[in-house]
Amino acid sequence: MRLVFAGTPDVALPSLSALLDSDRHEVVAVVTRPDAPAGRGRRVERSPVAALADEHGIEVLAPAKAGDPVFRARLAELEPDLCPVVAYGALLPESTLAIPTHGWVNLHFSVLPAWRGAAPVQAAVRHGDDITGATTFRIVKELDAGPVYGVVTEQVRDRDTAGALLGRLAESGAKLLLSTVDGIADGTLRAVEQPDQGVSYAPKVSVDDARLDFGTPAAALDRVARAVTPDPGAWAEFRGERIKLGPVVPVESDEPLPPGDIRVERKRVLVGTATDPVVLGDVQAQGKKRMSATDWARGARIEAGERIS
């Protein structure tokens, strides 16, 4: 089939690579978000999907809006049979959805109808889900509500960050997407409507959502920290300034430690919560490099009774 692939970040690359390597399909173009400033220097860069397309000499379409008439006209000229989508990052209007013969098929990183929305993996980690996965479905006007072609599942490991879990799902999801495209091409795969029960939503995670509240139980704090790693990154305040924090690890302790209080030991730094304390991972103070919590505590010369808020 003639394919136009839509995607933007690194997580879309395994799927695009799988489709490019397939001898059954031809990726005639990619659709991605426009070039944007990135990194500390804020240098304008191509999206990862655009960069991979450039390597393969594939046309790149980067409309400011997916309903742009010039973009829709070019997409129609390409005559795609199907448009696979992985983390494109923009809403597709019905006029654009109608162009490919077999529609647009999205790879979404949850087992739908659970965790529809922008941040399904973060939601799965934050809420302590044991199992998550990836789903391929046909895109319709309603958010992530289209009929389902296929599902793969993945265990959420005890120390999974959102980044680690998403990395595994990107690989297993790429295989699912390729098999879905193959099945649609063969005419052997039919989409099944999602159930009305079990719908939940996972909105985009904001910086405020990533602030750690040491007045909550250690297990909940741990899940939040892992859910926002690496993006947007957990943080709290120390001495009135924001510090970035790596994942924390709950530990049992016979010595009580009030929420937010810091205890510096020889090989670890503990912070109190509403239950057991947690061991801090990496710490990055403002204007400093990321470092181990023990190195940070040594440099900050933390005194007894100081707190993280």
Side-chain angles (χ1 to χ4, degrees), residues 5-19 30 32-33 36 38-39 45 47-52 84-90 105-137 139 143-144 148-180 200-207 209-210 212 220-235 244-249 281-282 290:
F5 179 88
T8 298
D10 286 326
V11 72
L13 297 183
S15 290
L16 177 55
S17 295
L19 294 170
V30 301
T32 191
R33 300 295 292 155
E45 295 182 358
S47 76
V49 163
L52 182 57
V85 184
V86 183
Y88 170 45
V105 175
N106 190 40
L107 174 65
H108 182 78
F109 296 112
S110 79
V111 179
L112 291 171
W115 302 131
R116 296 175 179 175
V121 175
Q122 292 93 327
V125 175
R126 181 185 287 259
H127 288 81
D129 292 356
D130 295 321
I131 299 292
T132 187
T135 303
T136 49
F137 70 96
I139 295 179
L143 177 67
D144 298 336
V148 168
Y149 286 106
V151 172
V152 292
T153 58
E154 177 74 31
Q155 183 178 0
V156 183
R157 300 171 186 171
D158 289 344
R159 300 307 309 158
D160 263 339
T161 62
L165 179 56
L166 185 57
R168 298 201 306 276
L169 289 171
E171 296 294 336
S172 60
K175 297 175 183 177
L176 172 64
L177 182 62
L178 178 58
S179 66
T180 297
S200 54
Y201 291 93
K204 184 177 179 180
V205 177
S206 70
V207 172
D209 295 329
L212 298 185
L221 193 74
D222 167 41
R223 292 199 303 266
V224 172
R226 289 186 289 110
V228 298
T229 300
D231 185 47
W235 64 279
K244 295 181 180 180
L245 300 171
V248 299
V249 181
D282 291 341
R290 184 174 289 269

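Just so you know, residue 1 is the first one in the sequence shown, and it goes up from there. Owing to the predicted nature of the structure, the values given are computational and were not obtained by experimental measurement.
For the pair Tyr149/Leu176, no side-chain contact is recorded, criterion being any heavy-atom separation below 4.5 Å from C-beta on. By the 4.5 Å heavy-atom criterion applied to side chains, Asp144 and Asn106 are counted as neighbours. At least one side-chain heavy atom of Leu52 sits less than 4.5 Å from a side-chain heavy atom of Ser17. In this structure the side chain of Ile139 never reaches within 4.5 angstrom of the side chain of Val105, judged on heavy atoms. In this structure the side chain of Arg168 reaches within 4.5 angstrom of the side chain of Leu165, judged on heavy atoms. Within the 4.5 Å cutoff, no side-chain heavy atoms of Val121 are placed close to those of Trp115. Side-chain contact between Val207 and Trp235: present, with at least one pair of heavy atoms (C-beta onward) separated by less than 4.5 Å.
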Under the side-chain hydrogen bond (donor to acceptor under 3.5 Å, both in side chains) rule, what do Thr136 and Thr180 come out as? Steps first, then yes or no, please.
CA-CA 7 Å; Thr136 49; Thr180 297; 2.9 Å; yes

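Annotation: the span from Ser110 atom OG to Glu154 atom CD amounts to 13.5 Å, rounded to 0.5 Å. Taking CG of Leu245 as the start and OG1 of Thr229 as the end, the distance is 9.0 Å to the nearest 0.5 Å.
Judged by distance alone, the side chain of Thr161 and the main-chain N or O of Arg226 form no donor-acceptor pair under 3.5 Å.
Qualifying side-chain hydrogen bond (donor to acceptor under 3.5 Å, both in side chains) partners for Arg33, counting only residues two or more places apart in sequence or in other chains: none. Considering only residues two or more places apart in sequence or on other chains, Ser206 meets the side-chain hydrogen bond (donor to acceptor under 3.5 Å, both in side chains) condition with Asp209.
Across every non-hydrogen atom of Leu19 and Pro84, the tightest pair is CD1-CG, 3.9 Å.
Relative orientation of the His108 and Phe137 rings is perpendicular, given thresholds of 30° and 60° on the angle between their planes.
Under the 4.0 Å criterion applied to side-chain N and carboxylate O atoms, Arg159 and Asp222 are assigned as salt-bridge partners.
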